[in-house]
Asker: 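Input: one structure, supplied below.
Order of the sequence lines sets the chain letters (A, B, ...), proteins ahead of strands, with each chain counted from 1. As the structure is a prediction and not an experimental result, all values here were calculated from the model.
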Amino acid sequence: MTSHSSLPPMAQVRQLPCDGDGVCMLCKVKPSDEDNLSCKTCATPWHLNCLTSRPETIASALQWECPDCTSLSLDLPPATASGGASDDLIAKIREIEADASLTERQKAKMRQELMMRGNACLDGDEKDHKRKRGKEEEMNVGRGGGSNDVLDLLDGSLNCSFCMQLPERPVTTPCGHNFCLKCFQKWVGQGKRTCAKCRCSIPSKMASQPRINSTLVVAIRMAKVSKSIGSGGPSKVYHFVHNRNRPDKAYTTERAQRSGKANAASGKIFVTISPDHFGPIPAENDPERNQGVLVGECWEDRLECRQWGAHFPHVAGIAGQSNYGAQSVALSGGYQDDEDHGEWFLYTGSGGRDLSGNRRTNKDQSFDQKFEKLNQALQVSCLKGYPVRVVRSHKEKRSSYAPEKGVRYDGVYRIEKCWRKVGIQGFKVCRYLFVRCDNEPAPWTSDEHGDRPRPLPVISELKKATEITERKDCPLWDFDEEECCWKWKKPPPPSRKRVATGKSEDIKRSRNAMRRAQNMSVREKLLKEFSCLICRQVMTLPITTPCAHNFCKLCLEDAFAGKTFVRERSRGGRMLRSQKNVMNCPSCPTDISDFLQNPQVNRELMEVIESLKSKTEEENGNCIESSEETDGNEDGDPSSASAEADIENSEITGVVDGVQTLNKSKPKRSREHRKIDIGESSLGAERLKEGNDSPSSPLHMQSDDDFQ
DNA sequence: GGGCCCGCAGGG
DNA sequence: CCCTGCGGGCCC
């Protein structure tokens, strides 16, 4: 064999195409037209001089196939018959290429879809994803023109390079490229550890635990909603949860303040629901804000979550009464058997552990769980079809759907089935299948609408299950086809408890921000979503951390500027200097030191922000600039107050052994200051220029799979 | 990061 | 009144 597909894998890895700007990713030079070679299969441009094997004639150059496409057959599972699926696939791709009725973009899309499909079987989730993408595509066709439209703007820049559509559950790689969670997972599932767009390596943590970039989720949904309203579609107004609209500080009792949160009495309950209230918490039970508890609302911890009524017990995972039903559950990684798929998950009951003495959280199971007490309460909710509120905690590390920080309300679910099986630890556990049934979209989806009834997932462990409980009667909480929403089909069970709250005087919030938000154009609202978590202004050079937080490049630089990065810990009376530096994300306790070696600007996002800005400025002159100025200075404005609080938080969580701190005294960067060049240089590269020996320069560690 | 210790709330 | 519980701070 003489073709480069026979080269060893490493040799192929050394071959890289040109990036989106046409610059060769190997030699970093933009090839001239003569040196630019396009693959006939995927149309990617390559630098002729950097190829290990070049076509010899002009004719063969026209028929040239890039190393990625020729190695395609290597990636695919062995074909069933000789010739097989890979040949078939390539034949199909050629067919697409030859079709003169298609535009280049359509061709690219179809090529990508074929590549994604491969000849592997799709699991249920994936089929769902494909179906959904297909549907969206139909809708997009109907969308038509509107060149000035924000959705088109996002659509052009942020598309997932696998399915060529706006990313569903977007995840962002450290190199700054955005993909659908499913597409990304499929890619890494094939053993790929480089970015599909730029071939940068993907850290193993990102590959195994990708986090959803909620900034993008909200932005995409907002754009979609604005579009459907604009086109005379549903005019329902969806809430977008902004941290700045939340109360500044959770209420704590005097005693709690004395003894600290570990021993805190829970604070005042802000909502007027009884502790055995089922279902969402509506606006009429939220006298302070008059908006109810919204899907996506986040709290610092379980105590604060309790104060807003989403989940009352401050330790237990299940709220309920054995003969009455369960109102809410918390997913916080306490049980290994849990399995989270976002819209549905498998939950494990409580009990089976020895909690005698001082042990409150023994993780080891030492006897079987039974359908009694709180486990029975969940069973009642299953049989009756009650809505069960679900909160997810950052402590659940294995789920892509867990928040990076604190506790988040994710809406109501119904328990469709429950059973008992032998758990991972060898003792019997109670198991529950939760399926989402909320009128508001989940925090991780860009859908404009909430859930629709969906077929139940196939649960393989049911084969070995005992005591399977399924609902026989109609569920009390169900989807109304006429009204197109979830509602009580029969009245909920009467409350047996009193409302545990008085009138709260502790929280004073202005509604100005909300009113102002209502008057803002979609573009301005979107721009607000793209705020840096440090400076609170629209990001100039957006950077997405592996923990899915977004910052200006310069703010992130500032946050770590002039700091000593060697981590010291005392152990056994001696000071130990650890090999690896630890630098925490300013927004959460994730160590982003590896990422900081070479953080990449999210150029796709930057493009969107720039277009939004220029279009808004075109229309409003300097309105945005001035409104932002007043925003920050206005007294009593929850946005500014909460922003301060968040910065305060980041100073606590962002510190590692007191070595790294955000420089609070540093004056806020002026907007002029922020307008700097968008050159190729990354944070790491700039640091490099300062000199490797400078104390501020992070160690340059070479990761194993970093081939450059 | 793991273990220990603590207090609190709610079910029964 | 006792038991249970997917917390949280702090120390090592």
Asker: Using a heavy-atom cut-off of under 4.0 Å over every strand shown, decide if A:L331 touches base, sugar-phosphate, or nothing.
Answerer: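 Base contact.
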Asker: If you measure only the distance, is there a donor-acceptor pair under 3.5 Å linking the side chains of A:Q379 and A:T469?
Answerer: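 Side chains of A:Q379 and A:T469: pair found under 3.5 Å.
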Asker: For a quick test of reading the model: is some side-chain N or O of A:T348 closer than 4.0 Å to OP1 or OP2 of C:dC6?
Answerer: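 For A:T348, the contact criterion (side-chain N or O under 4.0 Å from OP1 or OP2 of C:dC6) is not met.
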Asker: Which nucleotide, in any strand shown, forms a Watson-Crick or G-U wobble pair with B:dG12, with both distances under 3.5 Å?
Answerer: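 Partner of B:dG12: C:dC1.
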Asker: With sugar-phosphate meaning primed atoms plus P, OP1 and OP2, does A:S393 contact a base, only sugar-phosphate, or nothing at under 4.0 Å between heavy atoms?
Answerer: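 Counting heavy atoms under 4.0 Å across all strands, no contact is made by A:S393.
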Asker: Using atom CG of A:L374 as one end and atom C1' of C:dT4 as the other, report the distance to the nearest whole Å.
Answerer: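 Nearest whole value for this atom pair: 9 Å.
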Asker: Using whole Å, report how far CZ of A:R398 lies from P of C:dC6.
Answerer: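 Going from CZ in A:R398 over to P in C:dC6 covers 14 Å.
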Asker: Tell me whether A:R353 forms a cation-pi arrangement with A:Y335, defined as NZ or CZ under 6.0 Å from the six-membered ring centre and within 45 degrees of its axis.
Answerer: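 Here A:R353 passes the 6.0 Å and 45° test against A:Y335.
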Asker: Looking at B:dG12, I'd like to know if its phosphate oxygens (OP1 or OP2) sit under 4.0 Å from a side-chain N or O belonging to A:K373.
Answerer: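 No.
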Asker: Does one side chain, of A:S393 or A:R302, offer a donor that lies under 3.5 Å from an acceptor on the other?
Answerer: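 Side chains of A:S393 and A:R302: no pair found under 3.5 Å.
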Asker: For B:dG7, does the base pair up with any side-chain atom of A:H314 as donor and acceptor (N or O, under 3.5 Å, distance only)?
Answerer: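 Answer is yes: a donor-acceptor pair is held.
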Asker: Measure from CZ on A:F312 to P on C:dC6 and round the result to the nearest Å.
Answerer: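 For the pair A:F312 CZ and C:dC6 P, the rounded distance is 18 Å.
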Asker: Between C:dG8, B:dG7, B:dG11, which one does the side chain of A:D301 approach most closely?
Answerer: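 Of all the options, the side chain of A:D301 is nearest to C:dG8.
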Asker: Round to the nearest Å and state the distance from A:E300 atom CD to C:dG8 atom P.
Answerer: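 Taking atom P of C:dG8 as the reference, CD of A:E300 is at 9 Å.
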Asker: Can you tell me if A:W444 and A:E168 form a side-chain donor-acceptor pair at under 3.5 Å?
Answerer: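 No, A:E168 and A:W444 have no side-chain donor paired with an acceptor closer than 3.5 Å.
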Asker: Would you please say whether a donor-acceptor pair under 3.5 Å links the side chains of A:H341 and A:E343?
Answerer: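 Absent: no donor and acceptor within the cut-off.
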Asker: Counting only Watson-Crick or G-U wobble pairs whose two distances fall under 3.5 Å, which nucleotide matches B:dG7?
Answerer: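 Because no pair has both required distances under 3.5 Å, B:dG7 counts as unpaired.
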Asker: OP1 or OP2 of B:dG10 less than 4.0 angstrom from a side-chain nitrogen or oxygen of A:R306, does that happen here?
Answerer: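 Yes, within the criterion.
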Asker: Distance to the ring centre below 6.0 angstrom and angle to the axis at most 45 degrees; does that hold for A:R289 and A:W308?
Answerer: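 Yes, A:R289 lies over the aromatic ring of A:W308.
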Asker: Can you measure A:I318 atom CD1 to C:dC3 atom P for me and round it to whole angstrom units?
Answerer: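 The answer, rounded to whole Å, is 21 Å.
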Asker: Figure out the CG/P separation between A:L303 and B:dC8, and round it to whole Å.
Answerer: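 Value for this atom pair: 12 Å.
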Asker: How many Å lie between CH2 on A:W299 and C1' on C:dC6, as a whole number?
Answerer: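 Result: 16 Å.
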Asker: Hey, does A:D338 reach any base, or is it just sugar-phosphate, or nothing, if we go heavy atoms under 4.0 Å?
Answerer: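 Contact class for A:D338: base.
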Asker: Could you tell me whether A:Y324 contacts a base, only the sugar-phosphate backbone, or nothing, with contacts defined as non-hydrogen atoms closer than 4.0 Å?
Answerer: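 Counting heavy atoms under 4.0 Å across all strands, no contact is made by A:Y324.
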Asker: Between atom CD in A:Q365 and atom C1' in C:dG5, what is the gap in whole Å?
Answerer: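 Going from CD in A:Q365 over to C1' in C:dG5 covers 14 Å.
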Asker: OP1 or OP2 of C:dC6 less than 4.0 angstrom from a side-chain nitrogen or oxygen of A:S350, does that happen here?
Answerer: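 Checking C:dC6 against A:S350, no side-chain N or O comes under 4.0 Å of OP1 or OP2.
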Asker: Is A:K497 near enough to B:dG11 that one of its side-chain N or O atoms lies under 4.0 angstrom from OP1 or OP2?
Answerer: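 Answer is yes, contact under 4.0 Å.
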